[in-house]
Peer 1: 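For reference, the structure I am asking about is given below.
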Amino acid sequence: MARWGSILNLSRSGEQVVKARWCGSFLCKLRGLTLRRALDESEGLLLAERFESRTNSSIHMFFVFFPITAAWLDQDFRVVDIQLARPWRVYFPGAPAQYVLEGSVDLMEQISVGDRLEWVDA
């Protein structure tokens with residue numbers, strides 16, 4: 001069963017940034033957005049690792065056919081890096097991260113490095 005929730009930006013008055021699916025299992029993270037043809041502006045994916053790491057929180061864009069915003073968060077849900085991720089590439093965060101928030105390209109306008117986010121179960 002999918003676990004859904006909202007990502008709030010506490011650094012910007014607690015506004016909702018995106019509705020996201022929590023991905024903590026290996027298979028969920030492996031599948032990610034692979035083979036999807038589009039992503040709704042209000043939809044996202046939160047990939048969760050067990051600890052902070054640059055390597056474990058890297059993402060691939062193989063068979064993802066559209067660009068996305070990838071935001072890496074530390075264990076306190078503080079944004080440590082943001083990149084525009086394009087198809088057929090691999091991305092590593094600039095700093096260790098425990099979570100990766102994947103969303104539409106418009107997500108870049110709603111968060112910044114240093115912002116503190118929060119997960120709220122739906």
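For this chain, numbers begin at 1 and follow the sequence in order. Remember, predicted model here, so these are calculated numbers, not experimental data.
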Peer 1: Return the minimal non-hydrogen interatomic distance between Val80 and Ala97, and the atom names on each side.
Peer 2: CG2-CB, 4.1 Å
Peer 1: Decide whether Leu39 and Met61 are clustered together by the hydrophobic rule: side chain heavy atoms of Ile, Leu, Val, Met, Phe, Trp, Tyr closer than 4.5 Å, transitively.
Peer 2: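 Cluster IDs for Leu39 and Met61 match.
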Peer 1: How are the rings of Phe65 and Trp88 set relative to one another: parallel (under 30°), tilted (30 to 60°) or perpendicular (over 60°)?
Peer 2: perpendicular
Peer 1: Would a hydrophobic clustering, with Ile, Leu, Val, Met, Phe, Trp and Tyr connected at side-chain separations under 4.5 Å, put Tyr99 with Leu8?
Peer 2: no
Peer 1: Without hydrogens or angle criteria, can the side chains of Ser11 and Arg78 be said to hold a donor-acceptor pair below 3.5 Å?
Peer 2: no
Peer 1: How far apart are the closest heavy atoms of Ile111 and Ile82, and which atoms are they?
Peer 2: O-CD1, 3.6 Å
Peer 1: Are any side-chain N or O atoms of Ser53 and backbone N or O atoms of Thr55, one a donor and one an acceptor, separated by less than 3.5 Å?
Peer 2: yes
Peer 1: In terms of hydrophobic clustering (I, L, V, M, F, W, Y; side-chain heavy atoms under 4.5 Å; direct or indirect links), are Leu117 and Val105 co-clustered?
Peer 2: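 Linked, Leu117 and Val105 end up in one cluster.
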Peer 1: Which pair of heavy atoms, one from Ser6 and one from Gln16, lies closest together, and at what distance?
Peer 2: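 Distance-wise, the nearest heavy atoms are OG-OE1, 3.4 Å.
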Peer 1: How close do Pro87 and Pro67 get, heavy atom to heavy atom, and via which atoms?
Peer 2: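 Closest pair (atom of Pro87, atom of Pro67, distance): CD-N, 4.1 Å.
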Peer 1: May I ask you to decide if Asp115's main-chain N or O and Ser112's side chain share a donor-acceptor pair within less than 3.5 Å?
Peer 2: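 It does not hold such a pair.
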Peer 1: I need the Phe92 CZ to Ser58 OG distance, nearest 0.5 Å.
Peer 2: 4.5 Å
Peer 1: I'd like to know whether the aromatic ring centres of Trp22 and Trp4 sit less than 6.0 Å apart in this structure.
Peer 2: no
Peer 1: If hydrophobic clusters are built from ILVMFWY residues whose side chains come within less than 4.5 Å, do Leu45 and Leu30 share one?
Peer 2: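 No, no single cluster joins them.
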Peer 1: For the pair Arg36 and Glu43, find out whether any cationic side-chain nitrogen is under 4.0 Å from an anionic carboxylate oxygen.
Peer 2: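 Yes.
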Peer 1: What about Trp119 and Leu107, same hydrophobic cluster or not, with Ile/Leu/Val/Met/Phe/Trp/Tyr joined at side-chain heavy-atom distances under 4.5 Å?
Peer 2: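 In one cluster: yes.
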Peer 1: Got a second to check how far Asn56's CG is from Arg54's CZ, nearest 0.5 Å?
Peer 2: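 Result: 12.0 Å between the selected atoms.
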Peer 1: For a 4.5 angstrom cut-off between non-hydrogen side-chain atoms, does Leu46 reach Phe77?
Peer 2: yes
Peer 1: Near Arg31 CZ, under 6.0 Å, is it more than 12 heavy atoms from other residues, nucleotides or ligands?
Peer 2: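 Enclosed: over 12 neighbouring heavy atoms sit under 6.0 Å from CZ of Arg31.
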Peer 1: Salt-bridge test for Asp121 and Arg3: reply yes if a basic N is under 4.0 Å from a carboxylate O, no otherwise.
Peer 2: yes
Peer 1: Using modelled atom types only, decide if a donor and an acceptor are shared between the side chain of Asp81 and the backbone of Gly94 within a distance under 3.5 Å.
Peer 2: yes
Peer 1: Run the side-chain hydrogen bond (donor to acceptor under 3.5 Å, both in side chains) test against Asp40 and tell me which residues pass, sequence neighbours left out.
Peer 2: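 So Asp40 forms a side-chain hydrogen bond (donor to acceptor under 3.5 Å, both in side chains) with Ser42.
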Peer 1: I need the Tyr91 OH to Ile68 CD1 distance, nearest 0.5 Å.
Peer 2: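 It is 8.5 Å, given to the nearest 0.5 Å.
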Peer 1: Ignoring hydrogens and angles, tell me if any N or O in the side chain of Glu41 forms a donor-acceptor pair with the backbone of Val18 under 3.5 Å.
Peer 2: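 Not a single qualifying donor-acceptor pair exists.
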Peer 1: Identify the two heavy atoms, one from Ile59 and one from Ala70, that lie closest to each other, and give their separation to 0.1 Å.
Peer 2: CD1-CB, 3.7 Å
Peer 1: Is a salt bridge present between Glu49 and Lys29, judged by a nitrogen-to-oxygen distance below 4.0 Å?
Peer 2: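 Yes, this pair counts.
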Peer 1: Where the side chain of Glu52 meets the backbone of Gln75, is there a donor-acceptor pair that is under 3.5 Å apart?
Peer 2: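 Looks like yes, one N/O pair under 3.5 Å.
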Peer 1: To the nearest 0.5 angstrom, please state how far the CZ atom of Arg37 sits from the CG atom of Leu35.
Peer 2: 7.5 Å
Peer 1: Below 4.0 angstrom, N of the basic side chain to O of the carboxylate: do Asp76 and Arg116 qualify?
Peer 2: no
Peer 1: Please report the shortest heavy-atom distance between Ala20 and Leu101, naming the atom on each side.
Peer 2: CB-CD1, 4.5 Å
Peer 1: What residue among Glu109, Met108, Gln110 forms side chain to side chain contact (heavy atoms under 4.5 Å, CB included) with Thr69?
Peer 2: Met108
Peer 1: Could you tell me if the side chain of Cys28 sits less than 4.5 Å from the side chain of Arg21, heavy atoms only?
Peer 2: yes
Peer 1: I need the Leu73 CG to Ile7 CD1 distance, nearest 0.5 Å.
Peer 2: 7.0 Å
Peer 1: Could you name each residue pair satisfying ring pair (Phe, Tyr, Trp, His ring centres under 6.0 Å) that touches residues 38-60, not counting sequence neighbours?
Peer 2: His60-Phe62
